[in-house]
Amino acid sequence: MLAGYLALALVAAPLVGGCSYFNKDEDYISDDPADKLYNEGLFLLNNKQDYKEAAKKFDEVDRQNPYSDWARKALLMSAYSYYQAQEYTECINSAQRYVTLHPGSPDAAYAQYLIGSSYYDQILDVSRDQARADKAINALEEVVRKYPDSEYANAAKKKIDMARDQLAGKEMEVGRFYMNKRDFIGAINRFKVVVTQYQTTRHVEEALERLTECYLSLGILDEAQTAAAVLGHNFPDSQWYKDAFNRVKNAGGEPNENKESWISRSFKKIGLTSAN
């Protein structure tokens, strides 16, 4: 999808003289016509795959001709080039500037998508801080909200789902840590986040089973039975449900949903729990 955006190259005049345009001194860029700089950037991008140097050329177009049509095109190509170079901070800066200066442009959706993708590509494993996952979700939700009919909306939704799954995974990791420390209240608070905020992720089944465990450890049978019942209603074939069922039975109870429980009410908000 990102590579397809190189169709922008079609708007530029053909290169004349190829590499003869380039200055040998990397740190010096003379004042050149906007179209010449733009074409040099395209040459570096398409032919050399030198993304950082291409971005510099596009940045220079914007610097020398800040309000021109060339600058508008170059600013977006700068963001794309930085993204390809994995220079995510610079990509975000260029893309945000584009969205600010050209909010009504047909390409604003792509610029916003680049912002979200830059944060998304920096998401770390669940053992690390997940601040970038939050930022990715916020930026990608802007794509879906502002540009729902764009070709990037569906891709943004998929990345949002994966980023949310990552955040849920982080809560699960911390919850299991508290369980191992026998801090069941701390664990419940973490699993509650998964159940209330990330219940469409793959982690919700385990979260409900872990809630069953924690409540049984605290001697709160009613909530344990509810967690097991909700798990069974929504994921009857899950191994997590089989484990929860056995735990409740061994404690002298059975899966039985208390409709007033926060667990039941949380699932009813999105219509997951059965009517029985």
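One-based numbering along the sequence shown.
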Among the clusters formed by ILVMFWY side chains lying less than 4.5 Å apart, do Leu216 and Trp262 turn up in the same one? no
Tell me whether Tyr67 shares a hydrophobic cluster with Leu101, the cluster being built from Ile, Leu, Val, Met, Phe, Trp, Tyr side chains joined at under 4.5 Å. no
What do the steps show when you test Arg145 against Glu141 for salt bridge (charged side-chain N to carboxylate O under 4.0 Å, His left out), and what is the final call? CA-CA 6 Å; Arg145 184 179 66 85; Glu141 284 180 341; over 6 Å; no
After noting the C-alpha distance and the side-chain angles of Gln130 and Asp134, does the key distance pass the side chain to side chain donor-acceptor pair (under 3.5 Å) rule? CA-CA 7 Å; Gln130 295 299 304; Asp134 277 319; over 6 Å; no
Tell me whether Arg176 is salt-bridged to Glu206, with the criterion being a basic N under 4.0 Å from an acidic carboxylate O. yes
Quick test of your reading of the model: are Asp59 and Lys56 salt-bridged, counting only N-O distances below 4.0 Å?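 Judged by the 4.0 Å cut-off on N to carboxylate O distance, Asp59 and Lys56 do not form a salt bridge.
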Answer with yes or no whether the side chains of [Y] and [X] bring together a donor and an acceptor at under 3.5 Å.
{"X": "Asp107", "Y": "His102", "result": "no"}
{"X": "Glu257", "Y": "Thr226", "result": "no"}
{"X": "Ser105", "Y": "Tyr98", "result": "yes"}
{"X": "Ser266", "Y": "Gln199", "result": "no"}

Parallel, tilted or perpendicular: which describes the rings of Tyr88 and Tyr83, with under 30° parallel and over 60° perpendicular? perpendicular
Could you check Arg164, Lys159, Met162 and say which one makes a side chain to side chain contact (heavy atoms under 4.5 Å, CB included) with Ile137?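 Option passing the side chain to side chain contact (heavy atoms under 4.5 Å, CB included) with Ile137: Arg164.
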So do the side chains of Leu75 and Val61 get within less than 4.5 Å of each other, counting heavy atoms only?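 No - every pair of side-chain heavy atoms lies 4.5 Å or more apart.
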Evaluate the criterion salt bridge (charged side-chain N to carboxylate O under 4.0 Å, His left out) for residue pair Arg247 and Glu209; output intermediate values, then yes/no. CA-CA 9 Å; Arg247 290 182 188 280; Glu209 195 280 335; 2.8 Å; yes
Check for me whether the distance between the ring centres of Tyr152 and Tyr110 falls short of 6.0 Å. yes
Salt bridge (charged side-chain N to carboxylate O under 4.0 Å, His left out) between Glu60 and Lys57, worked out: CA-CA 5 Å; Glu60 194 63 17; Lys57 291 291 182 179; over 6 Å; no
Applying salt bridge (charged side-chain N to carboxylate O under 4.0 Å, His left out) to Lys52 and Glu87, what does each step give before you reach the verdict? CA-CA 8 Å; Lys52 290 183 181 180; Glu87 297 286 343; 3.1 Å; yes
